[in-house]
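See below for the structure under consideration.
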Amino acid sequence: METGAGIYLNDKVVPLAEARVSVLDHGFLYGDGVYETMRVYGGVVFMLEEHLARLEKSASLIELKLPKSPRQIKLAIFETLEACGHKDAYLRVTVSRGEGPIGLDPELCPRPTFFIIADRLKPQPRDIYEKGIHLAIVNTRRNLKEALDPQIKSLNFLNNIRAKIEAKKADAFEALMLNHRGHLSEGTTSNIFFVSEGALRTPGPQCGILRGITRDVVLTIARRLDMKVVEGEFTVEDLLGASEVFITSTIMEVVPVSRLTISMEGNRMEGTGIKLSVAGEITRALMAEYRKEVLSYVENTKAAGPSLWGFTE
Ligand code: PMP
């Protein structure tokens with residue numbers, strides 16, 4: 001089987017060179033659209049149902065009607081994965097408002113644009129799991145929920161991109177944004193957890209975050225392991241008192257944080273009082289359990305029959 005990027009545009013798999021979208025597409029003109037990123041393990045899309053449900057939710061929050069049913073999207077995903085040929089893949093489903101005349105009115109666009117990109121999963125830098133990453137608390141505040149709800153996984157990513165630019169300037173792997181009230185919210189493409197006073201803590205949905213699917217899996221595992229879990233509102237000081245910090249995302253899974261800096265208001269300082277241990281016991285346990293969870297999901301899905309996961313050996 002040929003391997004490369006698999007692209008599905010509107011109603012069929014197309015070669016990359018033919019995968020073209022109009023300059024009048026409102027996804028391009030205004031960031032008007034939604035998407036999901038999924039990770040494929042051994043041909044199985046991890047948490048497929050949850051990702052499709054979140055896509056539907058993002059779309060409904062911007063009053064965009066998906067042009068395909070969940071079943072049709074699944075079939076399109078499997079076709080795209082076959083075209084790409086990689087069993088360990090990155091997969092992105094995007095739906096934009098579609099092509100239409102200039103103007104913000106969604107009704108200008110009669111047909112949403114739908115596309116899927118599947119490609120080989122680029123390995124993460126190996127040492128992020130062993131040595132941990134540098135996380136910088138940045139100036140850029142997470143979008144106000146009432147202005148542009150971070151629950152909408154939209155094509156409008158400038159908020160996160162601004163934070164990413166700050167992180168890069170600070171030589172950090174990821175940025176951590178605070179919300180408008182100064183509480184911890186989330187990373188540019190990740191959620192944050194920390195351990196303090198015997199509890200696993202993470203900003204709750206009220207802080208203005210995307211409810212990460214990895215975050216939900218980690219919370220389920222932690223509760224199953226009888227850990228004390230607190231979803232709430234936390235300050236930078238709370239984080240500075242942590243013994244362990246980690247971030248989560250579909251592509252990266254669970255990644256320990258070994259260095260925390262604050263680069264705000266032009267000042268750059270190391271997080272005072274931070275004594276993060278890379279090999280934090282709770283982080284290690286959750287990293288291992290997460291991998292186990294993925295393996296059992298993949299096995300169960302395969303056991304349910306090849307029609308579900310789209311590949312025949
Ligand atoms: N927050 C933001 C802003 C993100 O883009 C992502 C990546 N989708 C996450 C959190 C993590 O979510 P998930 O675990 O579903 O990948």
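Whatever order the structure lists them in is the order used to number ligands and atoms, beginning at 1. The chain is numbered in sequence order, starting from 1. Source: prediction; values computed, not measured.
Contacts with ligand 1 closer than 4.0 Å are made by no heavy atom of P150, backbone or side chain.
Checked by atom type, the side-chain pair T113/E99 shows no donor-acceptor distance below 3.5 Å. For the residue pair T261 and H134, a side-chain donor N or O sits within less than 3.5 Å of a side-chain acceptor on the partner. Side-chain contact, S190 with E174: a donor N or O sits under 3.5 Å from an acceptor N or O. For the 3.5 Å distance criterion, the side chains of K153 and Y35 qualify, holding a donor opposite an acceptor.
For the pair R54 and ligand 1, the shortest N or O to N or O distance falls below 3.5 Å. Considering backbone and side-chain N/O atoms, G212 never comes within less than 3.5 Å of an N/O atom of ligand 1. At under 3.5 Å, not a single nitrogen or oxygen of N160, backbone or side chain, sits near a nitrogen or oxygen of ligand 1. Close N/O approach between R211 and ligand 1 is not found [any backbone or side-chain N/O within under 3.5 Å].
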Could you give me the CA-CA distance, side-chain angles and deciding distance for D238 and T235, then say whether side chain to side chain donor-acceptor pair (under 3.5 Å) is met?
-> CA-CA 5 Å; D238 293 328; T235 61; 3.2 Å; yes

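What sits closest to atom 13 (P) of ligand 1 on the protein, heavy atoms only, is T250 OG1, 3.3 Å. T214 OG1, 2.6 Å is the protein heavy atom nearest to atom 14 (O) of ligand 1. Among all protein heavy atoms, the one lying closest to atom 2 (C) of ligand 1 is E186 OE1, 3.6 Å. For atom 11 (C) of ligand 1, the closest non-hydrogen atom on the protein side is N191 OD1, 3.7 Å. Counting protein heavy atoms only, atom 8 (N) of ligand 1 is closest to K153 NZ, 3.0 Å.
Taking every heavy atom of both residues into account, G98 and C109 meet most closely at O-SG, 3.5 Å.
Atoms of ligand 1 lying under 4.0 Å from at least one heavy atom of S249, given by number and element, are 14 (O), 16 (O). Listed by number with element, the atoms of ligand 1 under 4.0 Å from a non-hydrogen atom of F157 are 5 (O). Contact atoms of ligand 1 toward R142: 3 (C) (distance under 4.0 Å to a heavy atom of the residue).
Proximity of the aromatic rings of F194 and F246 is defined here by a centroid distance below 6.0 angstrom, and this criterion is not met.
To the nearest 0.5 Å, atom CD of residue E244 and atom CG of residue L286 are 8.5 Å apart.
A cation-pi geometry, defined here as NZ or CZ lying under 6.0 Å from the six-membered ring centre and within 45° of its normal, holds between R291 and Y129. With Y41 as the aromatic partner, K87 does not meet the cation-pi criteria of under 6.0 angstrom to the ring centre and within 45 degrees of the ring axis.
Residue contact annotation: E36 has no non-hydrogen atom under 4.0 Å from ligand 1. Residue D216 places every heavy atom at 4.0 Å or more from ligand 1. Under the 4.0 angstrom criterion for non-hydrogen atoms, T189 is in contact with ligand 1.
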